[in-house]
2 protein chains.
Amino acid sequence: MATLRVPDVVPSPTDDCERLRKAFKGWGTDEKTVISILGHRNANQRRKIRETYHQLYNKSLIADLESELSGDFGKAVILWTYDPAERDARLAKQALQTTKRGINHLHPIIEMACAPSSPHHLVAVRQAYCSLYDCSLEEDIGSTLSLPLRKILVGLVSSYRYDKEVISMDVANSEADLLHNAIDKKQLDHDYVVWILSTRNVFQLRATFQCYTKKFGNPIEEDIKNSGKGDLENLLRVIIICLDSPERHFAEVVQNSIIGIGTDEDMLTRAIVTRAEVDMMKVRGEYFNMYKSSMDNAVIGDTSGDYKNFLLTLLGAKI
Amino acid sequence: MATLRVPDVVPSPTDDCERLRKAFKGWGTDEKTVISILGHRNANQRRKIRETYHQLYNKSLIADLESELSGDFGKAVILWTYDPAERDARLAKQALQTTKRGINHLHPIIEMACAPSSPHHLVAVRQAYCSLYDCSLEEDIGSTLSLPLRKILVGLVSSYRYDKEVISMDVANSEADLLHNAIDKKQLDHDYVVWILSTRNVFQLRATFQCYTKKFGNPIEEDIKNSGKGDLENLLRVIIICLDSPERHFAEVVQNSIIGIGTDEDMLTRAIVTRAEVDMMKVRGEYFNMYKSSMDNAVIGDTSGDYKNFLLTLLGAKI
C-alpha cells in the first residue's frame with residue numbers, strides 16, 4: 001500500500017549518517033545523496049538515523065537539514081525526516097495559526113483525525129503536541145476556532161477508534177437515519193452527528209454511509225453539499241470523504257494542489273509525505289480513476305529539480 | 001504518594017511464580033503467601049510475574065487465582081493482578097452493564113477519566129477496552145447512556161490532558177464566568193462546559209475552580225449541588241471533585257463504602273486497588289482530615305480475614 005521503497009539491505013544508521021554528513025560538507029550540498037538516503041528509509045529507520053546523527057555529531061539532523069537545504073525541497077525533506085507524530089503535531093499547529101478564511105487550511109487536522117495510520121498514531125500526535133506547545137491540541141482548537149467547527153474537530157481529534165472490521169447493519173441503518181435527519185433539519189453539529197463521526201470505527205461508518213445512499217438516493221457528502229455552502233458543510237463533507245475513502249481525499253488534495261495557475265507546494269508535499277508510507281499506492285490508483293491520468297506525470301509537470309526528484313522518490317520511482 | 005511497599009530486594013519473577021504455584025498446591029491455598037508476594041509488587045513487577053507464570057506453567061495466573069481464591073479477597077487480588085489498563089477497562093464495562101438507578105455506578109469511569117495516573121493511562125484503558133470488547137469505550141458509553149450523561153462522559157474519556165502545571169489566570173477568570181453562567185442557566189451540559197472539563201489540564205482547572213469560589217462566593221461543586229438533585233448535577237459534582245482533588249473523592253468513596261449497615265466491598269476494593277500505587281498516601285491523609293479518624297482503622301473495623309490483610313498490605317501496613 002505504501003509507495004516508499006526501502007532497499008533489501010539497509011545500510012547501518014552510522015553509515016547513513018556519515019554519508020549525510022559528507023553530503024553537507026564543503027561548498028553546496030549533495031542533494032542527490034540526501035534523497036537517495038532519506039527518501040528510501042521508513043519512519044523507524046529515519047528515527048534511528050536522527051538518533052545516531054545526534055550521538056555522532058552532537059547536532060540535530062533536522063537543524064542541519066534546515067541550514068543545508070532550501071525552498072520546497074528543503075521543506076519536504078524536513079517534514080519527511082521528523083518523527084511522523086511530531087510532523088503531524090507541527091502541521092496541526094500551522095493549520096491553527098493560519099488565518100485564511102474557509103476551512104481548507106484545517107484539512108491537515110481532519111486528515112490526522114479521520115485517516116490516521118492507526119488509532120495510536122493520533123494519540124502520539126496529541127502527545128507530541130503537548131510536548132511541543134505546552135497545551136493540548138484540543139485546547140488550541142478550542143481557543144482558535146469557534147462553534148460549531150470547534151465542537152466537531154475536538155470530537156474528531158479525541159477519537160480512539162476500534163480498528164477492526166466489526167459492523168452492525170442495525171447500527172448502520174439507525175445511524176443513517178440520524179445523519180439524514182440532521183442534514184434535513186440543518187443541524188449538522190448535532191451531538192449525535194459528532195458522536196457518530198468521532199466514535200464509530202471506520203468500517204462501521206462506511207457501512208452507514210452505504211446504507212445512507214441506499215435509503216436516501218444520494219451519497220451523504222452530496223446531500224451535505226446540497227444543504228449549504230458554509231464552512232460547516234464544507235468541513236463535514238471533507239470529514240466524510242476522509243473517513244469513507246482516504247485515498248479519494250488525498251487524490252483530491254494532490255489534484256487541487258496542481259490545478260490552475262501555480263502549484264500549492266505545501267499541499268502537494270503534505271499529501272505525498274504523510275501518505276507515502278501509509279496508502280500512497282491506493283491514492284495513486286484512485287487518482288488515475290478520478291482524473292484519467294497518472295499522478296506521477298502530474299507531479300512531473302508541476303515540479304522541478306530536487307523537489308521533483310524527492311517527491312517522485314517517495315512515490316516509488318527509481319531516480 | 002503510593003502506599004504500596006515494594007521490598008528493597010525483589011525476588012525474581014521466576015521465584016515469585018514458583019512460590020505462588022506452591023501456595024496453590026494441595027488442599028486449600030496458602031493465602032498469606034499470595035498476599036506477601038502480590039501485595040508487595042508494583043504494576044511492572046506484576047506484569048512480569050503474569051508473563052513468567054504463563055511461560056513456566058502454560059496457564060494464566062489470573063485463571064489460577066480465580067480457581068484458588070474466593071469471595072471479596074479473591075476479587076480484590078484478581079483486580080490488583082490485572083494490568084492496570086485492563087483492570088480499568090473491565091471496571092468501565094462493569095459500570096456500563098450495571099442497571100442501577102442514579103450515577104454512583106458510573107464513578108469508576110469518572111475516576112479513570114478525571115484522575116488517571118497519567119494521560120497515557122487513559123489511552124491505555126481505551127486501547128484495552130477495544131481489545132477486550134470489540135468496540136470502543138466511547139461507543140459503549142453512547143449506546144448505554146442517554147444524553148446529557150453520554151455527552152459529558154464521552155468527552156471526558158476522550159481527554160488527553162497536558163500534564164504539566166501551566167496556568168493562565170485569564171483563562172481561569174473567563175472560564176469561571178462561563179461555568180457560572182451555565183450553572184445559573186441550568187445548562188450544565190452546554191458544549192462549553194464539556195469542552196472546558198474535558199480538555200483543560202488539571203492545574204488550570206483547579207485555578208479556574210479557585211477563581212470561581214473567589215468570584216461567586218461558593219465552591220463550584222456546592223453551586224452545582226444547589227442547582228438540582230438530578231443525575232446530571234450529581235455527575236458533574238463528582239467530576240469536579242475528581243478533577244479538583246482526587247484524594248478527597250477517594251476518601252469519600254472509602255467512607256461511603258463503610259458507613260451504614262454492611263460494607264460495599266466492591267467500592268472499598270476499587271478505591272484501594274486503583275490508588276495504592278498512585279496517591280493512596282494523600283487519600284489516607286485527606287481521609288483523616290475529613291473524618292478525624294484513620295482509614296486503616298476504618299478498614300480494620302469493616303473487613304476481616306485475608307481480605308482485611310490484603311487491603312491493609314496495599315495500604316502499607318506490615319502484616
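Chain A is the first sequence line, chain B the second, and so forth, proteins listed ahead of strands; every chain is numbered from 1. The basis for the numbers below is simple: all heavy atoms, side chains too, and nothing from hydrogens, waters or symmetry mates.
Salt bridge annotation for A/Glu51-A/Arg47: present, with a cationic side-chain nitrogen under 4.0 angstrom from a carboxylate oxygen. Look at A/Glu233 and A/Arg237 and you find no salt bridge, because none of the NZ, NE, NH1 or NH2 atoms lies under 4.0 Å from a carboxylate O. A salt bridge links A/Arg90 to A/Glu86: one of the charged nitrogens lies within less than 4.0 Å of a carboxylate oxygen.
Scanning residues 166-192 of chain B against chain A with a 4.5 Å non-hydrogen threshold yields B/Val166, B/Asp191, B/Tyr192, sorted by number. Using a 4.5 Å heavy-atom cut-off against chain A, the contacting residues of residues 124-142 of chain B are B/Arg126, B/Gln127, B/Cys130, B/Asp134, B/Cys135, B/Ser136, B/Glu138, B/Glu139, B/Gly142. Contacts with chain B (heavy atom to heavy atom, under 4.5 Å) involve no residue of residues 202-213 of chain A.
The backbone N or O of A/Ala43 lies less than 3.5 Å from a partner atom in the side chain of A/Glu277, making a donor-acceptor pair.
For B/Ser159, the part sitting under 4.5 Å from any heavy atom of chain A is the backbone (N, CA, C, O) and nothing else. The part of B/Lys151 that comes within reach of chain A is its side chain, from C-beta onward, which places non-hydrogen atoms under 4.5 angstrom from that chain.
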Quick one: do B/Ser118 and B/Asp163 satisfy side chain to side chain contact (heavy atoms under 4.5 Å, CB included)? Show the steps, please.
-> CA-CA 7 Å; B/Ser118 78; B/Asp163 60 353; 5.6 Å; no

Test side chain to side chain contact (heavy atoms under 4.5 Å, CB included) on B/Tyr82 and B/Arg50 and set out the steps.
-> CA-CA 9 Å; B/Tyr82 276 125; B/Arg50 285 196 311 275; 5.7 Å; no

Start with the C-alpha distance between A/Val273 and A/Arg87, add both sets of side-chain angles, then the distance that settles side chain to side chain contact (heavy atoms under 4.5 Å, CB included), and finish with yes or no.
-> CA-CA 10 Å; A/Val273 161; A/Arg87 173 199 72 207; 3.9 Å; yes

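Closest of all the heavy-atom pairs between B/Leu106 and B/Ala95 is CD2-O, 4.3 Å. Heavy-atom minimum distance, B/Val278 versus B/Ser117: CG2-CB, 4.0 Å.
Atoms NE2 and OG1, on B/His105 and B/Thr98 in that order, are 6.0 Å from each other to the nearest 0.5 Å.
Of the listed residues (B/Arg200, B/Lys164, B/Arg161), the greatest number of heavy-atom pairs within a distance under 4.5 Å of chain A belongs to B/Arg200.
Annotation: side chain of B/Lys225 is not in contact with side chain of B/Pro219 (no heavy-atom distance under 4.5 Å). In this structure the side chain of A/Cys242 never reaches within 4.5 angstrom of the side chain of A/Arg248, judged on heavy atoms. Side-chain contact between B/Leu96 and B/Lys93: absent, with no pair of heavy atoms (C-beta onward) separated by less than 4.5 Å.
By the side chain to side chain contact (heavy atoms under 4.5 Å, CB included) test, A/Val253 is found to be paired with A/Glu111, A/His249, A/Met267, A/Arg270, A/Ala271, residues two or more places apart in sequence or in another chain being considered.
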